[in-house]
Q: 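Got a structure for you, questions after.
Side chains included, hydrogens not; waters and symmetry mates left out as well; all remaining heavy atoms used. Indexing begins at 1, ligand by ligand and atom by atom, following the structure's order. The model shown is predicted, which means the values in this text are computed figures rather than measured ones.
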Amino acid sequence: MATSRQPWWSGGVLYQAYPRSFADSNGDGIGDLAGLRGRLDYLNWLGVDGIWLNPTFPSPNHDWGYDVSDYLDVHPDLGTLDDLDALIAAAAERGIRILLDLVPAHTSDRHQWFAESRASRESPRRSWYIWREEAEGQESVFGGKAWTYDERTGQYYHHLFLPDQPDLNWLQPDVRDAFDEILRFWFDRGIAGFRIDVVHELVKDPPSRPNRAKIHDVLRRWRSLAAGYEPQRLFVGETWVMDLEELASFYGSNDELQLAFNFPFMFAGLDAAALADVVERTEAVLPHGALPVWALSNHDVVRFPTRMCDEDDAKVRAALLALLTLRGTSVLYYGDELGMRQVDIPAERARDVHDRDGARTPLPWGEVEWRNPWLPLGANVATVAEQRSDPRSVLSFCREAIALRHGRKDLVSGGYTPLASPTGVWAWRRGSGSVIALNLTGSKAILPLAGEVILSTNGRDDSSRLEPWEGVVVALT
Ligand code: NOJ
Ligand code: CA
């Protein structure tokens, strides 16, 4: 029987780097691509397989890169196309892939396409955006109406987000062709795949509603375009839906997204029953052969140590152990590996329209620190330098968990089997020989497991009981 080789993200770790806050190479206070390149050895040491960069395209930054004014270039704050090429090459030398963040649902109002579209009702680009005589009542995600009146031509255009982010009309075939070209441009440069912004709302028909059938058409089209590339390119979607059946639909028959972000998991809380439930249902509902993807944080939500773990590192380790031992792909948001907390942003330093700055602050490196960073540096977590030299740090633990994930076949590709366990304990088996058990309570728990503890969140090696908030990986004997 022919065996199909698993893709790199199966059992892999994807690292989400927010480029403006990862590492700054030129001291202007803004992280950049050269800074990231200079820190690849850190990410290689940590053990990540791929890096997803938040938008790197030129943008007026009304929504920090999610308002793209040119899909085929690099934002000058971050560097140049040459810097991106250099990053792809330097990452490849370390076996690390680079993914970009594609923002197909809307452009910036400064994009040339929109400038042409709004110029006249007769413009050949008019139909690339959604124009109507009347505004309907729909609200935008950031508040205010989803329709803005444009005086020059006396019509309203649609925008699910800011008025500076007009929505593209995905019913227009030329828009689809234009994005095919964009995908090819980046795939040809060696980009390993894309995270797709608001993919669950990509095609609007009518404008007030996502048209799921038509979204699936676009995803199948992209998969067949990507099929012409070797190695296989990855599409991971921002599928912000809370229904798992709906989430699963974005995998199609394994001919749409290869990974669809699981927000029910992100928001389950550090609760054994809730986590076990969402993981079990996810595993049940995905098409055969599909891989789940797990994340605890991203640039839009409060960092997980603050949101789920009361900023208690015992809980942070337990959450990280779960993240890094589940089947499929695990995504670390930059700083998760440190247990980085949400940072309080004084009103005068706020930059984001939607109050998300506290999750986007510069990574504290420790030895060479940021000068005048664009957002304040939090002082509420130990730096990379401090944690690297401490074998008991969250960072050292996270690295060990990643190494175990890569080094143990059960954790790379073994199935997920839930195990019966006392209330407040979440336990499961991976493959035939590895058990993960997390005590998500403040009391000791008894869960006798016949085997050897190969990783514990608090460095113990006793498989007969779990300390409060302790998590273990046990090799069954
Ligand atoms: C989701 C992105 O993650 C978020 O940061 C952005 O504001 C919206 N999409 C609009 O593009
Ligand atoms: Ca810089």
Q: Can you name the residues that come within less than 4.0 Å of ligand 1, going by heavy atoms only?
A: D63, Y66, H106, F142, F161, R195, D197, E238, H299, D300, R356, R360

Q: I want to verify a count. Protein N, O or S atoms less than 3.0 Å away from the Ca ion (ligand 2), how many are there?
A: 5

Q: Closer than 4.0 angstrom, basic N to acidic O: yes or no for E256 and R223?
A: no

Q: Do R20 and W374 form a cation-pi contact, if we require the NZ or CZ to be under 6.0 Å from the six-membered ring centre and within 45 degrees of the ring's axis?
A: yes

Q: Between R195 and E238, is there a salt bridge with N-O shorter than 4.0 Å?
A: yes

Q: Between D300 and R356, is the closest basic N to carboxylate O distance under 4.0 Å?
A: yes

Q: Just say parallel, tilted or perpendicular for the rings of Y334 and Y18, cut-offs at 30° and 60°.
A: parallel

Q: Show me the pairs that pass salt bridge (Lys or Arg N to Asp or Glu O under 4.0 Å) and involve residues 167-177, at least two apart or across chains.
A: D167-K204, D177-R221

Q: Which pairs pass salt bridge (Lys or Arg N to Asp or Glu O under 4.0 Å) with one or both residues in residues 272-285, sequence neighbours excluded?
A: D277-R281, E283-R327

Q: Are D150 and R121 within salt-bridge range, i.e. N to O under 4.0 Å?
A: no

Q: Is a salt bridge present between D310 and K315, judged by a nitrogen-to-oxygen distance below 4.0 Å?
A: yes

